[in-house]
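Shown next, in structure tokens, is the structure this report addresses.
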Amino acid sequence: MNEEDTFKNMDNINIDNTPFYKKRVFLIAAAAGLIIIAIIIIVAASSGNGKDNKDGGKDSTDGGKDSSDDGKDSKDDGEGSKENSCFIGKGWYCLTCVPNSKKCATCNPGFIVNDNFNKGEQCDIDYSINVIYKTEKDNEEIDLLDSKYKDIITELIVDGVKKDISTKYKFSKAGNYTVFLKTNLENISSLSGMFAKNKNIISIETTKLFNIEKIENMEQMFNDCTSLETASLSNLKGQNLQKMDKLFYGCSSLKKVDLGNFIASQLNSISEMFKGCISLKTVDLGNFRPSKLESTESMFSDLTTLEKIVLGNLNAENLKNMNKMFYNCQSLTSIDLGNFKANSLVSMDEMCFNCYKLTSVDLGNGNAPNLESLTKMFVNCSSLKTVDLDMQTEKVKNMDQMFYNCKALTSFEFGMSFKASNTLSLKEMFYDCSSLQNFKYNFNKFTVSNIEKMFYKCSSLTSIDLTFLKTENALSMEEMLYYCNKLTSIDLSTFTTSLTSIKLFNELPSKGKINVKDKFLSLIKDQIPSSWTISDW
């Protein structure tokens, strides 16, 4: 058979009629042929690349390595390799690198290249304030800050993208957004109400570039920001700052605040600074040391969940008003103001009113020579057990209701340093202190104007010496010892009065003793059980 006949016969082959084992051999042979062809192509290509690499030398190798690193950077969403690229440490702020170098060329918006970077931090901050806003719905336009402060904004960056400067912004989707604000405060003296009543802010942080050296007023800066949870104003230098009243007033969601190393040498008023921050459990002001404070009135009022407060060595040399400072701090258990110097302090009225869980207060060894009023200082502090009142005072006038309804108070002592040169009112001072057992006084005498109901319902008191009271000018003594039904020893031997009628006590036990002068005895004799021993020495 010739060649032509052979091809003719192949055309007539019907593979469907070929036995199965022959079909399988045919397919395996075809596949093997394809594999051999592919191997030949790969070997040829590899040989060519090897030659190129050999010619390229070390630079080619480095280039491949950089390419690998760049790929890793891309995969890690910008965090980068810590070994060979410029994205080191916090280097994800870096946007581009200097070719064949670990040095950063450009940084993301809000950051600037740090030529003297330390520990691999390639980029430094280039913004003044970092704010996180929360939106509840899509396409919501919100106020970023009060419109009157538009002119101080020099740059606006929203989630890493520069935007046109505005005090309003529309967010396409609901969620949390990080906004960097760069500011210039050269031409203003007040930041009062800058973010006030902004319901969308959940976090705010100022940086070293937030230059407040010329700012005098930061009152109500975050007033009523009810969604604000964290705030950091640390390391700021406000040499001319005078007022921070109501700084966080009504920030009901605030849980953490940092004022560490906040320098404000001229600051004189922080009244109601945290009032109404009902979610704040801990406040540390150990490194917050303004030296010219005049008022802390209602500074922590209505912080109902506050459990711990650190005041450090409070510089109170110019402080005049501490009224309601801890008013209604229902969860606070202790306060330490020991050794504080308040040479100008005048009033501490209602300072710890309604501090139900307060168990101890240290006012010992303080210096307050101009203090005049302690009215209602511990009203309803129903867990308070002991108080050391050994402050150096000379001018106290009013202590009315000071421990009103302090049902757990077991002992009280007027320290040797506590003096009152003026006429003093002690009306209802220990009203309903039903656990009071020990009452001590120093050798200083107090000229009193009113001692009405001073020990009303002190039902655990068994003996009392009141000879430290000078009563000749007292306008009222009514019911001073009413319902003190365990009293068996009373010393009133120094009591004198021009009053013609007095109801001093009732429900005394059947047996006891009392020391009282004859003239005063005539006013109260019908209130003393007949079985009592009466003496006038």
Side-chain angles (χ1 to χ4, degrees), residues 109-116 118 121 123-131 144-157 165 167 179-196 198 201 203-223 225 228 230-249 251 257-274 283-296 299 312-319:
F111 299 88
I112 191 170
V113 173
N114 182 6
D115 292 328
N116 298 313
N118 183 31
E121 295 181 3
C123 296
D124 200 359
I125 56 172
D126 192 31
Y127 61 88
S128 306
I129 309 175
N130 174 8
V131 192
L144 300 179
L145 68 160
D146 193 295
S147 59
K148 66 183 178 182
Y149 292 106
K150 180 180 179 180
D151 292 341
I152 72 169
I153 304 301
T154 60
E155 196 168 281
L156 172 65
I157 301 169
I165 294 174
T167 59
V179 175
F180 294 153
L181 300 173
K182 195 170 182 179
T183 60
N184 184 345
L185 307 181
E186 287 291 321
N187 299 316
I188 65 170
S189 60
S190 175
L191 296 175
S192 177
M194 184 175 181
F195 296 97
N198 193 312
I201 297 177
S203 175
I204 192 157
E205 177 186 19
T206 58
T207 74
K208 61 186 179 181
L209 299 182
F210 192 56
N211 186 351
I212 62 169
E213 291 184 0
K214 294 185 178 181
I215 301 300
E216 298 175 2
N217 187 347
M218 289 174 64
E219 289 181 305
Q220 302 184 58
M221 188 172 177
F222 307 103
N223 176 40
C225 291
L228 181 64
T230 62
S232 176
L233 305 181
S234 60
N235 298 311
L236 294 184
K237 298 179 180 180
Q239 290 89 331
N240 293 294
L241 187 60
Q242 298 175 26
K243 294 184 179 298
M244 290 176 68
D245 299 325
K246 297 184 178 181
L247 182 68
F248 296 106
Y249 183 102
C251 293
V257 62
D258 183 0
L259 294 174
N261 297 317
F262 191 117
I263 298 174
S265 56
Q266 303 297 316
L267 187 62
N268 59 54
S269 184
I270 50 178
S271 296
E272 301 181 299
M273 186 175 180
F274 297 99
V283 176
D284 187 347
L285 299 180
N287 292 317
F288 181 64
R289 299 177 181 175
S291 58
K292 294 188 177 181
L293 280 182
E294 295 181 5
S295 178
T296 58
M299 182 177 179
N313 296 317
L314 180 65
N315 189 332
E317 292 184 1
N318 296 288
L319 193 58

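Just so we're clear, the structure is a prediction, and the values are computed from it rather than from any experiment.
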Could you go step by step and tell me if L247 and L233 meet the side-chain contact (heavy atoms from CB on, under 4.5 Å) rule? CA-CA 11 Å; L247 182 68; L233 305 181; 4.0 Å; yes
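- Side-chain contact, S269 with S295: no donor N or O sits under 3.5 Å from an acceptor N or O.
- Using a distance-only test at 3.5 Å, with no hydrogens or angles considered, a donor-acceptor pair links the side chain of T207 to the main chain of L209.
- With sequence neighbours left out, F195 forms a ring-ring contact (aromatic ring centres under 6.0 Å, His included) with F222.
- Between the side chain of S192 and the main chain of E219, a donor-acceptor pair closer than 3.5 Å is present.
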For M273 and V257: C-alpha separation, side-chain torsions, deciding distance, then whether side-chain contact (heavy atoms from CB on, under 4.5 Å) applies. CA-CA 12 Å; M273 186 175 180; V257 62; over 6 Å; no
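- With sequence neighbours excluded, no residue forms a salt bridge (charged side-chain N to carboxylate O under 4.0 Å, His left out) with K150.
- Between L228 and I204 there is a side-chain heavy-atom pair separated by less than 4.5 Å.
- I165 CD1 to L144 CG: the interatomic distance, rounded to the nearest 0.5 Å, is 12.0 Å.
- Remark: E155 engages K162 in a salt bridge (charged side-chain N to carboxylate O under 4.0 Å, His left out) (not counting sequence neighbours).
- Every residue meeting the salt bridge (charged side-chain N to carboxylate O under 4.0 Å, His left out) condition with K214, not counting sequence neighbours, appears here in chain and number order: E186.
- For the atom pair CG of N240 and CG of L267, the computed distance is 11.5 Å after rounding to the nearest 0.5 Å.
- Between I125 and N130 there is no side-chain heavy-atom pair separated by less than 4.5 Å.
- Ring geometry, Y127 versus F111: the interplanar angle exceeds 60°, so the pair is classed perpendicular (tilted spans 30 to 60°).
- Residue pairs meeting the salt bridge (charged side-chain N to carboxylate O under 4.0 Å, His left out) criterion with at least one member in residues 231-241, sequence neighbours excluded, do not occur.
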How far apart are the C-alpha atoms of S234 and N261, what are their side-chain angles, what is the distance that settles it, and do they pass the side-chain contact (heavy atoms from CB on, under 4.5 Å) test? CA-CA 6 Å; S234 60; N261 297 317; 5.8 Å; no
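- A 4.5 Å side-chain heavy-atom check between Y149 and T167 finds every atom pair outside the cut-off.
- Looking at heavy atoms from C-beta onward, L185 lies in side-chain contact with F210 at the 4.5 angstrom threshold.
- At a threshold of 4.5 Å between non-hydrogen side-chain atoms, the residues L156 and L181 count as touching.
- In terms of the salt bridge (charged side-chain N to carboxylate O under 4.0 Å, His left out) criterion, K243 has no residue partners (sequence neighbours excluded).
- Judged purely by atom type and a 3.5 angstrom limit, N223 has no side-chain atom pairing as donor or acceptor with the backbone of A196.
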Given I153 and L145, is the side-chain contact (heavy atoms from CB on, under 4.5 Å) satisfied, shown in steps? CA-CA 10 Å; I153 304 301; L145 68 160; 4.1 Å; yes
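- How far OG of S128 is from NZ of K208: 12.0 Å, rounded to the nearest 0.5 Å.
- If you check the side chains of Q266 and K292, you find a donor sitting under 3.5 Å from an acceptor.
- N184 CG to I152 CD1: the interatomic distance, rounded to the nearest 0.5 Å, is 8.5 Å.
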